[in-house]
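Every chain is numbered from 1, with letters handed out A, B, ... down the list of sequences. Keep in mind it's a predicted model, so treat the numbers as computed, not measured.
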Protein chains: 4
Amino acid sequence: MPARNGHPAEDPLKKAAILDVAIRAFAADGFRGTDVGVIADQAGVGKGTVYRYFGSKEELFWATAFEVLLRLERHLFAAMQGIVSPYERLRAAGRAYAEFFVAHPQYLEVFIQDRAEFRGVGPESHRQYHEKLAERFAEIIRQGVEAGEFRPVDPRMTTSALASVLYGCVVLCCYVARDRSPEEITMHTVDIFLQGLRAGGC
Amino acid sequence: MPARNGHPAEDPLKKAAILDVAIRAFAADGFRGTDVGVIADQAGVGKGTVYRYFGSKEELFWATAFEVLLRLERHLFAAMQGIVSPYERLRAAGRAYAEFFVAHPQYLEVFIQDRAEFRGVGPESHRQYHEKLAERFAEIIRQGVEAGEFRPVDPRMTTSALASVLYGCVVLCCYVARDRSPEEITMHTVDIFLQGLRAGGC
Amino acid sequence: MPARNGHPAEDPLKKAAILDVAIRAFAADGFRGTDVGVIADQAGVGKGTVYRYFGSKEELFWATAFEVLLRLERHLFAAMQGIVSPYERLRAAGRAYAEFFVAHPQYLEVFIQDRAEFRGVGPESHRQYHEKLAERFAEIIRQGVEAGEFRPVDPRMTTSALASVLYGCVVLCCYVARDRSPEEITMHTVDIFLQGLRAGGC
Amino acid sequence: MPARNGHPAEDPLKKAAILDVAIRAFAADGFRGTDVGVIADQAGVGKGTVYRYFGSKEELFWATAFEVLLRLERHLFAAMQGIVSPYERLRAAGRAYAEFFVAHPQYLEVFIQDRAEFRGVGPESHRQYHEKLAERFAEIIRQGVEAGEFRPVDPRMTTSALASVLYGCVVLCCYVARDRSPEEITMHTVDIFLQGLRAGGC
DNA sequence: AATGAATGAGCATTCATTCAT
DNA sequence: TATGAATGAATGCTCATTCAT
């Protein structure tokens, strides 16, 4: 809503610049450890501008976390593009998930900070977005079940299960099996998830 | 009468009291949000004593995280006690893992803080302990493979996989499927992990 | 069509609107606690306009304080209208003074802020106006003395005395005798001032 | 309450030093304009120490204002020492009041800030102290009335009246009659207060 | 050895003022 | 002329760590 005589009420480029810097900053130092002033400096704007655009450090963080979620979603669905088999779609999503966080470790840190600092209690809009995203995966699983490709599992719980598997893999890879890449571990885990650890009992 | 070695005259009871308080404090407010002074007060000791026993806030946190790891390990192996089948042992461990963190949510927060604040880079002794713990599970998987109960997977990678699955379940339960308990989600996930999502293609 | 002199094309209505809002704002939050941006918003103008019309927050405050002084003066002389006896004129002025600040507590706060923040050191024009106002009262006292209604006091000092009495009454009424109204206290004080506390020793 | 092995829980000298600096600082820059850090520096202590001793900037200010009130009270009663006649006691108090604030202008500024910033709403303990002080003066007036030295006025209201007169004189002297000293103005006003402005109508 | 008073770097947020549009 | 986005200095308060007692 520009004023009567022309004003760029909000500059999307500037907003994006702040967000980009914020991702790196929160990833590097954590929510508490991050200085809003440093973000402002690195984004080339005044501290007041950051507050103008985002209201508070907390809201800035949530905007940051949301942006990461958006990018992850885009990456996942791009990777599943053109694949039909639900089985292959989940494998592709798993691989993309690992790739995404390996390529952008800072995104992972933001995810982790979100949980660590706010225990998953963010703005309602985030919850709704999670919900929508989960539903998209539940639908894939539902199709796999209907197609007889998957066992007759509960789609929503299995979406949770898949999310847990993927999240656990990328988060814990720093603790375990340092001689393997996160992608390797993730794909191994996803494959067990899909095939089962148990020896095939027909 | 100073002790034989190291710090003279350390009172193990006092140390345990501090640690107990620290778990609750770090869980409640996070690493950065926790005030060492408050821990000292609640433990009934002076701030200086906390520093004498633990050196720094960071070291205190690591001691805290280590204590939680010890308790988790005890709980897991107690739950596997007397079970022979590797398959059943892993199921029992999975259930125990979820139970443990549901019964003591603060322990989970400490785990999460550990990763969030220090990216899994703690003292070397922790790494070694993780290693030993992982080896114990790898051994179970190895036995399962040898017994023909499991597919011929890499035991170490599969241990990673299992850890990721369990960790992901308890950490993410706050985001997804709020209508299910963490135990339900975890057991569902573990069962898929063991049985496979794919429809049994003999 | 710019005005003949000084600032071209100043809108007196807009200026008055800003001043009105400013009185309330400064009274409510004090000089330091008042946000110029809020004044601009409430007056329905841009922040830049406030600065265009008043130059700085400080000058805005002085304009505000001056406006209050003008209104007080009008109120006092309206109340003295038609009264001849100097004695009765001063009583009427005293009563009007108390009434004025009871009816408009925000005016009082502005007076107090003026003294608190600037120690009475405002622009020279204010000093001159004070001087003129004081002289009008001194003249009344002079007449009272000449008429034999007052003792032969120094008119200027007695004007000061009267001002102090009135100011003290309205400012301190929040500390003392909360069971009496400011008007009661003021009239009691004024009457003592006029009659003397001492038992009339003829 | 020192700890088991000797601690000077609170150093009264340090506290007094902070208070002394605070009086000057608040007087010079006002409540809002004063930087607690500057007070700490000038008092030769850390900022944390100021907060340890006084809890907050506001409480520090109240302690400051209270200290000034105590000093004023001591000065007033010292000046009335040995004087019997209520009439002379009030004159002496009036003179002492003016002298006190002329000798310590910063005390006056603190008084004014108190009213400006907090509208006389301080801690309950202050109100009680004011009350006690007022009662002491009311008693003097009561005695003057009983002795026939004063007219039969209400002692409490007349105390208010006297307080208003004195306060008004010292506060406003910066606006009016700059060619007279505050003491002169005050004594003139007090004398009118005592004798009456009106020509003695027997 | 134990204590807790003292320290001061650190940080979120506000707001007077400017100036491009 | 009017606007309000941008700026960044300013400030209250916290808390990890030290050290005199």
Original post:
Rounding to a whole Å, what distance do you find between D:Phe54:CZ and E:dA6:P?
Top reply: 12 Å
**OP:** For D:Gly44 and for A:Val36, locate the closest nucleotide of DNA chain E by heavy-atom distance; then report the residue assigned to the nucleotide nearer the 5' terminus.
**Re:** D:Gly44
Subject >> Base-pairing mate for F:dA20 - Watson-Crick or G-U, with both contacts under 3.5 Å >> reply: E:dT3
Subject >> Ring-ring centroid check D:Phe118 D:Trp62, cutoff 6.0 Å >> reply: yes
Subject >> Length of the line joining A:Asp35:CG and E:dT13:P, which is rounded to integer Å >> reply: 11 Å
Subject >> Interatomic distance where CD belongs to D:Glu10 and P belongs to E:dA5 [whole Å] >> reply: 9 Å
**OP:** For residues B:Leu19 and B:Phe54, determine if any side-chain heavy atom of one lies less than 4.5 Å from a side-chain heavy atom of the other.
**Re:** yes
Original post:
Looking only at heavy atoms, which two atoms of C:Ala28 and D:Arg119 are closest? And how far apart?
Top reply: O-NH2, 3.5 Å
**OP:** On DNA chain F, check which nucleotide each of D:Glu58 and A:Val45 is closest to and give me the residue with the more 5' one.
**Re:** A:Val45
Original post:
If you look at every heavy atom in C:Ala22 and C:Leu60, which pair is closest and at what distance?
Top reply: CB-CD1, 4.1 Å
Subject >> Protein-nucleotide distance (B:Asp29, atom CG; F:dC15, atom C1'), rounded to Å >> reply: 13 Å
Original post:
Quick one: is the NZ or CZ of B:Lys57 closer than 6.0 Å to the six-membered ring centre of B:Phe31, and within 45° of its axis?
Top reply: yes
Subject >> Closest listed nucleotide, where the reference is the side chain of C:Lys14 and the choices are E:dC11, F:dA2, E:dA16 >> reply: F:dA2
**OP:** Calculate the interatomic distance between A:Arg52 atom CZ and E:dT13 atom C1'; express it in whole Å.
**Re:** 15 Å
Original post:
Between atom CZ in D:Arg32 and atom C1' in E:dC15, what is the gap in whole Å?
Top reply: 12 Å
Original post:
Just to confirm, is there a sub-4.0 Å distance from OP1 or OP2 of E:dA1 to any side-chain nitrogen or oxygen of B:Tyr53?
Top reply: no
Original post:
Which one, E:dA16, E:dT13, F:dA16, comes nearest to the side chain of A:Lys57?
Top reply: E:dT13
Original post:
Can you check the C:Leu60 CG to E:dC15 P distance for me, whole Å?
Top reply: 16 Å
**OP:** With DNA chain F as reference, determine whether C:Asp41 or D:Phe31 sits nearer its 5' end, using the nearest nucleotide of each.
**Re:** C:Asp41
Original post:
Counting any heavy atom closer than 4.0 Å, what does B:Lys47 reach on the DNA or RNA strands: base, sugar-phosphate only, or nothing?
Top reply: base
**OP:** Would you kindly compare A:Ser56 and C:Gly55 by the position of their nearest DNA chain E nucleotide and give the one closer to the 5′ end?
**Re:** A:Ser56
Subject >> Distance below 4.0 Å between B:Thr49 side-chain N/O and E:dA2 OP1 or OP2 >> reply: no
**OP:** In whole angstrom, give the distance that lies between atom CD of C:Glu59 and atom P of E:dA16.
**Re:** 15 Å
